[in-house]
There are 2 protein chains.
Amino acid sequence: MAERRARRTDPGRRDRIIDACLDVVVAAGVSGTSHRRVAQAADVPLGSMTYHFTGMDELLREAFTRFAHAGSDEFERRLAGATSPDEARAAVVGLVTDLSTTRRDLVLTHELYTLAAREPSFRDITNAWMARSRRALERHFDPTTARLLDALVEGLVLHRALDRPDERGDGGPHDAGLVADAVERITRA
Amino acid sequence: MAERRARRTDPGRRDRIIDACLDVVVAAGVSGTSHRRVAQAADVPLGSMTYHFTGMDELLREAFTRFAHAGSDEFERRLAGATSPDEARAAVVGLVTDLSTTRRDLVLTHELYTLAAREPSFRDITNAWMARSRRALERHFDPTTARLLDALVEGLVLHRALDRPDERGDGGPHDAGLVADAVERITRA
DNA sequence: CGGTGATGTGTACGATCGTACGCATCGGGC
DNA sequence: GCCCGATGCGTACGATCGTACACATCACCG
């Protein structure tokens, strides 16, 4: 089997498993994620699962760590472009309205929070994420404002996400203005 | 078996199953919740599960509906006592600092959000919850402020909950003041 | 180029899952 | 007081799960 042998030395197999794990979580939820399903999604043999990871916990931890890093990066990237308080405010509004807008991000974020609510090891991931967000905000706002703003963003994203009854709705046309209003109120202290 | 027969006519068996379901979800997560575990926790035979509920989905839906109602009730109860804007503000601060403070509430809330993020039928539950919260807030604040306040409360509760590295920490002594500050900023428009 | 240790895989096992369905049981009508 | 339809339960089945472990395969060294 040439195909089989080709698989043997496959760098990035671990990476592919991690990515596939996130895909499966999006599709089936953590509760529906199994070694077998991830293996199939990543197109690797079942044995590879236990070879590369000690169990689902480790796999999920790595997967969500990757997801959180990507989110943090985007968060920082958007804020880094701002050179004035007004631009920073606009960037924050953009974060709420654009970011975490896909169903994928939404689902993964909540799955992560749920895990974090239960297990401290996942809370480390969310804590690191929050710390980075806050640090990025503190480059533009005082610490207290940064903290409140961070919480506000979290709540707004969450509400925007759950508010829409259908899958594709965009929360209505007034939303951008509403978010801007909120950011304004918090930051204008 | 007298014991067996006594079980036959057991009113409130359904209720007990629903309550036990929530307990199991807290302990093991939705992903670790099975008919068998809930049956054991509720001290009912396995067959009762499929007799009273068509499947886990229906059971979870009923359980979380109950949970959401309890949360809504508490939310309204606290706000109903306020007779002035200042008292309403204080009530909101109390909501953030006291409510959703237990590990149980925290875990259940996020499990619910996670389900809502994936399935519309659970989103109905969260939508109803949010609608009631907003309506309660609108008795004291204008609609826009109510909406923003609702989002802020959500974010603050979440951050307070995840912030603490250990299980029992209380988020630090400055928190009540911080929350009051945030509420002040949002409502003083 | 042949041997060998490391690397990765296939498979089989025991546990646990949801669910279907035959049967025990009981309240109410005659 | 007895039967019978409805109510609720016990059990068994097939599917799926995680995991262990013997074994195939490859890179590398002598």
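Side chains are part of it too, since the values below use all heavy atoms of this structure and drop only hydrogens, waters and symmetry mates. Within every chain, numbering begins at 1; the chains are lettered A, B, ... in the order of the sequence lines, protein sequences first and strands thereafter.
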Using the side-chain heavy atoms of [X], tell me which of these nucleotides is nearest: [options].
X	options	result
A:R36	C:dT19, D:dC17, C:dG8	D:dC17
A:P45	C:dA12, D:dT11, C:dG10	C:dG10
A:R13	C:dT9, D:dT19, D:dG8	C:dT9
B:M56	D:dT19, D:dG8, C:dG18	C:dG18

At less than 4.0 Å, is any side-chain N or O atom of A:S48 found next to OP1 or OP2 of C:dT9? Yes or no. yes
So, is A:S34 near the phosphate of D:dC17, with a side-chain N or O under 4.0 Å from OP1 or OP2? yes
In whole angstrom, what separates [X]'s [atom1] from [N]'s [atom2]?
X	N	atom1	atom2	result
A:F53	C:dT9	CZ	P	13 Å
B:R37	C:dT16	CZ	C1'	9 Å
A:E58	D:dT19	CD	P	11 Å
A:I17	D:dG18	CD1	P	14 Å
A:Q40	D:dG18	CD	P	13 Å
A:Y51	C:dT7	OH	C1'	5 Å
A:D43	C:dG10	CG	P	11 Å
B:L46	C:dC21	CG	C1'	13 Å

Can you give me the closest heavy-atom contact between B:T109 and B:D105, atom names plus distance?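 Smallest heavy-atom distance, with atoms named: OG1-O, 2.6 Å.
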Of all heavy-atom pairs between A:R89 and A:V183, which one has the smallest distance, and what is that distance?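 The pair with the smallest heavy-atom distance is CG-CG1, 3.7 Å.
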Salt bridge flag under 4.0 Å for residues A:R78 and A:E74: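 Looking at A:E74 together with A:R78, the answer is yes, because their closest N to O distance falls below 4.0 Å.
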Relative to the ring of B:F64, is the ring of B:F122 parallel (under 30°), tilted (30 to 60°) or perpendicular (over 60°)?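 Answer is perpendicular, since the angle exceeds 60°.
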Do B:I18 and B:F53 touch side chain to side chain, with heavy atoms closer than 4.5 Å? yes
Comparing B:G55 and A:H52 on DNA chain C - which has the more 5′ nearest nucleotide: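 Comparing both residues, the 5'-ward one is A:H52.
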